[in-house]
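To start, the structure under review is shown below, and the notes come after it.
In the text below, chain A, chain B and the rest are named by the order of the sequence lines, each starting its count at 1. Keep in mind it's a predicted model, so treat the numbers as computed, not measured. Below, each value reflects all heavy atoms present in this structure, side chains not excepted, and no hydrogens, waters or symmetry copies.
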Amino acid sequence: MVPLRALASEKLDEFKRLARIGIKIVMSSGDYGSLDPELGKYDLIIATNEKADSLFRHSPPWVDRLSLVVADEIHLLGDPSRGPTLESILTRIKYLKLGVQILALSATISNAEEISGWLGADLVTSDWRPVPLKEGVFCRGSVTFIDGEVRQVPRSGSGDPVADLAVDAIKSGGQMLVFTGSRNSAVSLAKRLEGPVHRELSASERSRLRQISESILSLGERTKLTEKLARSVSCGVAFHHAGLTYPQRKAIEDSFRSSHIKCICATPTLAAGVNTPARRVLIYEYRRFEPGVGRVNIPVLEYKQMAGRAGRPKYDKIGEAIVFSRSEEEKDFLIEQYLLAKPEKVWSKLGVAPSLRSQVLAAVAMGLASSRAGVIDFFGESFCAYQYGLDSFKSSILESVSFLTKAGMLKEGKPGVVLEATALGKRVAELYIDPKSAEVILRALSLRRSGLPALSYLMLACHTPDMPKLYVRGKEVESLESYLESNSDLLLFEVPEEEFEREMVLSELKTAFLLEEWINETPEESIVEKFDIGSGDIYAYVESAKWILNAAHELARLMGYRESADPLKRLLIRVENGIREELLPLISLRGIGRVRARSLYSAGYRSIEDLKRASVSDLRRIPLIGPETVKLILEQIGGTLTKEEWSSVASGKGSRQLSIDDYGTR
DNA sequence: GTGCCTCTCATATAGACAGCATGTC
DNA sequence: CTATATGAGAGGCAC
């Protein structure tokens, strides 16, 4: 079990060598997976934590054949949003006494003993690193390492200390990875380094980088951010954050590993992600904004994760992690608080409401507990109970039970005695959404309203706690508020009285507007511009919306709310594809996605009926519709072809007049 | 009046997992 | 642990 999808595929690649000795390996994550029953055929399953949780919730037949569970990056236990998942899986394994060996791994943990105590595991520690690490602080032109060495950093002539550090690393054949506290600072720092880094490159490196830069531009739609990235890359520098699309990030990581890109300026995405080591790591900002708190110093644990990226196995004799300071006092502070400090203890976050209600439901739905006492007994095996004592969150557990009972997901036979999950509860546990989200959705759908616009459902989806929300700018508040006021009839929920929650609804509305633009086929570039986000963010919001809309559709079906089930299904398809209502009939055809559907539509084919009336040569003339696609279309609409038509379609010698190059997409 | 510099004030702020059923361009 | 870097706009000054 690993925390990221990218790590899962990285592990799959590593373990593939075992396939040669006949070991069968499979990877399973939300976006890439085999059918659950199939998994029993394999010797080794690599999964994300959440996927593993989800798999266990379906009680697959192969659970009792598990002999070893490996939990990678076990310090994630302390993450408020994702730790409880991992904790619950391990708690279940312990509670069921399956006799499974548990192997938990982490490079940055201070209370390892406590965790191994909870797991009933032996603690094995090691200081070994593939490449030794040297930690130091930069201050006014020199680096003070904690091993005593003080080193002057040669001036690069740019007058920029960060450039000095980068150029110094590059001159000796290394690379540098810079961690920053915000996206903007990653982008601007990369820009700052363009000139100095570019000067260090050979002619052949420059030309190779121009190619890479070109390929990054062609990776997706052209936006300002992409152009900035391409420009930086052509100089051997890149920035890296979640506003970039996945392919862009991958391209940068790969080009960095192949040493073409000399310097990456990144937000913490890269610290926890796939393996991208660099000879030198510079922690340029050790503070980060947190909503409601302001700027906070990052945890030592996070510093250690970033520092741990220093040193490429096989290439570097030593890795350097350097924290950037602006004054002597700051330097001393950093040495004390980070370099010489032990990572914080990992504290269980299972006791907090959102994750607890979800895990209480799962435990009952899986049949691990069948009474209030049983639920408490189950959580008695948790790390939370081990650490804080069961009494500390007993009342929270019971509150969750009450919430779930009231929401109709659990029911108690005799009051206080038998507890079981209702059909609804079981479905919610399987759909893997926050029970609170399910409650919000069900309350809205029980209004039994029909004829609602897409925006109503989008706003509902955005109103659930499972949906991430856009940040609302000060100057947008007024227009969002007035929209809300004059369109209150569209709402499927009450706008809360309380100030903070009211503001939250504005974020939800703004997020719903983003999704509305998406399904109205607004070009990516203008969405990005309008909402001041990156392309990568669009996909993140769309992914989440798909997720929650599917759950809403399933719930509508389960409850027999027919007036919502159909609109939700249609909306789901629109969100999945980013299409207007009018393309729905065409998109239902296999082989037709949003681009080809739009092409067919513009050519005058707006329904399956229209297509049935079309001749083969008519279809062949439509841009982006090739011989194979024509074949696919005809097979599906039950059109019949003459022998000549078949052969002309199959040989690809149609009367094709336009090619992809003649037409922009969208 | 114009151009340039400095000061003030408003503004925005990291990341990414999951269901289900099959293929985009 | 309710901050701070950034950038736009206002204001000041020399010409």
**OP:** Can you tell me, in whole Å, how much space there is between the P of dA5(C) and that of dA14(B)?
**Re:** 15 Å

Original post:
On DNA chain B, nearest-nucleotide positions of Pro468(A) versus Tyr471(A): which is more 5'?
Top reply: Tyr471(A)

Original post:
Which whole-number value in Å describes the distance from Gln636(A) CD to dT22(B) P?
Top reply: 13 Å

Original post:
Does dA16(B) pair with anything, Watson-Crick or G-U wobble, both distances under 3.5 Å, and if so, with which nucleotide?
Top reply: none

Original post:
At under 4.0 Å between heavy atoms, what does Gly591(A) touch on the DNA or RNA strands: base, sugar-phosphate, or nothing?
Top reply: sugar-phosphate

**OP:** Have a look at Ile592(A) and say if it touches a base, only the backbone sugar-phosphate, or nothing, with a 4.0 Å heavy-atom cut-off.
**Re:** sugar-phosphate

Original post:
Is the phosphate of dA12(B), meaning OP1 or OP2, less than 4.0 Å from a side-chain N or O of Arg473(A)?
Top reply: yes

Original post:
Between dA3(C) atom C1' and Phe289(A) atom CZ, what is the distance in whole Å?
Top reply: 9 Å

Subject >> Selected nucleotide, minimal atom distance to Asn550(A) side chain, candidates dG19(B), dA16(B), dA18(B) >> reply: dG19(B)

Original post:
Between Arg326(A) and Val296(A), which is nearer to the 5' end of DNA chain C once each is assigned its nearest nucleotide?
Top reply: Val296(A)

Subject >> Within 45° cone and under 6.0 Å: Arg249(A) NZ/CZ vs Tyr246(A) ring >> reply: no

**OP:** Using a heavy-atom cut-off of under 4.0 Å over every strand shown, decide if Arg590(A) touches base, sugar-phosphate, or nothing.
**Re:** sugar-phosphate

Original post:
5'-most contact on DNA chain C: Gly294(A) or Glu285(A), nearest heavy atom basis?
Top reply: Gly294(A)

Original post:
Which base, if any, makes a Watson-Crick or G-U wobble pair with dG3(B), both distances under 3.5 Å?
Top reply: dC13(C)

Subject >> Under-4.0 Å side-chain N/O to phosphate OP1/OP2 contact, Arg5(A) with dC17(B) >> reply: yes

Subject >> Assigned partner base of dT24(B), Watson-Crick or wobble definition, under 3.5 Å >> reply: none

Original post:
So, Glu73(A) and Ser106(A): side-chain donor and acceptor under 3.5 Å apart, yes or no?
Top reply: no

Subject >> Side-chain donor-acceptor contact under 3.5 Å, Glu524(A) with Tyr539(A) >> reply: yes

Original post:
So, is Arg287(A) close to the dA14(B) phosphate, meaning a side-chain N or O under 4.0 Å from OP1 or OP2?
Top reply: no

Original post:
If you measure from the Lys or Arg side-chain nitrogens to the Asp or Glu carboxylate oxygens, is any gap between Asp532(A) and Lys224(A) under 4.0 Å?
Top reply: no

Original post:
With no hydrogens and no angle check, do the side chains of Glu525(A) and Thr223(A) hold a donor and an acceptor under 3.5 Å apart?
Top reply: no

**OP:** Rounded off to whole Å, could you give me the CG-to-C1' distance for the Leu189(A) and dT6(C) pair?
**Re:** 14 Å

Original post:
If the P atom of dT2(C) is compared with that of dC17(B), how far apart are they to the nearest Å?
Top reply: 32 Å

**OP:** Would you mind telling me which of dA14(B), dA16(B), dG19(B) lies closest to the side-chain atoms of Ser182(A)?
**Re:** dA14(B)

Original post:
What's the closest nucleotide to the Ser29(A) side chain, out of dC17(B), dC25(B), dA18(B)?
Top reply: dA18(B)

Subject >> Minimum-distance nucleotide to Arg594(A) side chain [options: dC1(C), dC25(B), dA16(B)] >> reply: dC25(B)

Original post:
When we call it a touch if two heavy atoms are under 4.0 Å apart, what does Pro291(A) touch: a base, just sugar-phosphate, or nothing?
Top reply: nothing

**OP:** Could you tell me whether His58(A) contacts a base, only the sugar-phosphate backbone, or nothing, with contacts defined as non-hydrogen atoms closer than 4.0 Å?
**Re:** sugar-phosphate

Original post:
Contact class for Glu554(A) (heavy atom, under 4.0 Å): base, sugar-phosphate, or nothing?
Top reply: nothing

Original post:
Considering only the C1' atoms, how many Å lie between dC1(C) and dT13(B), rounded to the nearest integer?
Top reply: 16 Å

Original post:
With a 4.0 Å cut-off on heavy atoms, is Ser544(A) in touch with a base, just the backbone sugar-phosphate, or nothing at all?
Top reply: base

**OP:** Please report, rounded to the nearest Å, how far the C1' atom of dA18(B) is from the CG atom of Leu4(A).
**Re:** 14 Å

Subject >> Nearest-angstrom distance from the residue atom CG of Asn577(A) to C1' of dT22(B) >> reply: 12 Å

Subject >> His75(A) and Gln305(A) side chains, donor-acceptor separation under 3.5 Å >> reply: yes

Original post:
Roughly, in whole Å, what's the span from CG in Asp72(A) to P in dC17(B)?
Top reply: 14 Å

Original post:
Which nucleotide sits closest to the side chain of Thr269(A): dC17(B), dT13(B), dA16(B)?
Top reply: dA16(B)

Subject >> Complementary nucleotide of dA8(C), counting Watson-Crick and G-U pairs under 3.5 Å >> reply: dT8(B)

**OP:** Look at all strands and tell whether Arg57(A) reaches a base, only sugar-phosphate, or nothing, counting heavy atoms closer than 4.0 Å.
**Re:** nothing

Original post:
So, Trp547(A) and dA18(B): ring centres less than 5.5 Å apart, planes less than 30° off, yes or no?
Top reply: yes

Original post:
Hey, is the side chain of Lys51(A) poking within less than 4.0 Å of OP1 or OP2 on dG19(B), counting only N and O atoms?
Top reply: yes

**OP:** Give a yes-or-no answer on whether the side chains of Ser88(A) and Gln359(A) include a donor-acceptor pair shorter than 3.5 Å.
**Re:** yes

Original post:
Within this structure, what is the CD-to-P distance between Glu253(A) and dG15(B), rounded to whole angstrom?
Top reply: 13 Å

**OP:** Quick one: label Asp79(A) by what it contacts on the DNA or RNA (base, sugar-phosphate, nothing), any heavy atom closer than 4.0 Å.
**Re:** base

Original post:
Would you say a side-chain N or O of Thr48(A) is under 4.0 Å from OP1 or OP2 of dC17(B)?
Top reply: no

**OP:** May I ask you to evaluate whether Arg183(A) reaches the phosphate of dG15(B), defined as a side-chain N or O under 4.0 Å from OP1 or OP2?
**Re:** yes

Original post:
Phe324(A) has an atom CZ; how far is it from atom P of dA5(C), in whole Å?
Top reply: 12 Å

Original post:
Should the pair Glu521(A)-Arg594(A) be classified as a salt bridge under the 4.0 Å nitrogen-to-oxygen rule?
Top reply: no

Subject >> Residue whose closest nucleotide on DNA chain B lies nearer the 5' end, Glu430(A) versus Ala242(A) >> reply: Ala242(A)

